[in-house]
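All of these numbers come straight from a predicted model, not from anything done at the bench.
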Amino acid sequence: MYLHSGCQIAISPDTKHFAVDWLGVEVTRATLGIIGMGSIGYKVAQRARAFNMRILYHNRNRRRKEEEEAVGAHYCEKMEDLLQQSDFVMLVVNLTPETHKLIGKKELGLMKPTATLINISRGAVIDQDALVEALQNKVIRAAALDVTYPEPLPRDHPLLKLNNIIITPHIGTATIQAIHMMAEEAIANMLAVLNGQPIPSEVFPK
């Protein structure tokens, strides 16, 4: 939020000085709750550890003890416990019938009023109407979304009118290097199928 707003202040023709009381929220030593501790969620945890964050996670299956210890992550069997304790909640789950609108009014109400919700999974994992209400009423401090439904949002969508949200256009993998890696992986999978070999990145393993 502060990066986006700060950029506008820095470049605005109306800016004559920078306010000294314009403060953000510290990430270091804050509590990060990761919902969905697959390969991407685990990489998030590895990076968060570098900021000395306290890491909580909720997942269908608990990670091995050595994996938890490697990043200092603590397992929350109940998602509610993670929501109540986290300063930042990051959604890193696949979109399935079970995760559709996983975060709704009840879940947002469990979060700290100072918390930020981050979604890098799929837009429909959040009930967007409930999120609008929560942001308008300061139920949570802010949200940062790389995904929405639909994409892009209609230009009159209420999420676009709020000042406590950042929305990016699904650019989590939008780097030259990542696109090259994804293309190479797709080619490797196609060649494996054509050659009757095991598929390296099988979506539905037998």
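Connection of Met53 to Ile40 is established within a shared hydrophobic cluster, with ILVMFWY side chains joined at heavy-atom distances below 4.5 Å, either directly or through further cluster members. If you chain together hydrophobic residues whose side chains sit under 4.5 Å apart, Val147 and Ile167 never meet in one group. Ile120 is not connected to Leu117 by any chain of hydrophobic side-chain contacts under 4.5 Å among Ile, Leu, Val, Met, Phe, Trp and Tyr, and they are in different clusters. Put simply, Val132 and Leu110 are part of the same group of oily side chains (I, L, V, M, F, W, Y) that touch within less than 4.5 Å, one to the next. Both Val25 and Leu32 are part of a single hydrophobic cluster, where members link through side-chain heavy atoms under 4.5 Å apart.
Residues Asn164 and Arg141 are not in side-chain contact: their nearest non-hydrogen atoms beyond the backbone lie 4.5 Å or more apart. Residues Gln84 and Leu82 have side chains not in contact (no heavy-atom distance under 4.5 Å, counting atoms from C-beta outward).
Shown here for Ala192 and Pro198, the closest heavy-atom pair between the two residues is CB-O, 3.5 Å. Across all their heavy atoms, Val92 and Gly41 have their closest contact at CG1-N, 3.7 Å. When all heavy atoms of Trp22 and Gly6 are compared, the closest pair comes out as CH2-N, 3.3 Å. Between Ala70 and Tyr42, the shortest heavy-atom contact is CB-OH, 3.5 Å. Considering all non-hydrogen atoms of both residues, Pro150 and Thr148 come closest at O-OG1, 2.8 Å.
Using a 4.0 Å cut-off between charged nitrogen and carboxylate oxygen, Lys112 and Asp87 count as a salt-bridge pair. Between Arg62 and Glu68 a salt bridge is recorded (basic side-chain N to carboxylate O distance below 4.0 Å). The pair Arg64-Glu67 meets the salt-bridge criterion, since a charged nitrogen lies less than 4.0 angstrom from a carboxylate oxygen.
One distance of note links CG of Leu95 with OH of Tyr149; it measures 10.5 Å at 0.5 Å rounding.
Test Leu131, Leu91, Val89 against Ile103 for side chain to side chain contact (heavy atoms under 4.5 Å, CB included) and you get one pass: Leu91.
Using cut-offs of 30° and 60° for the angle between ring planes, the His58 and Tyr75 rings count as parallel.
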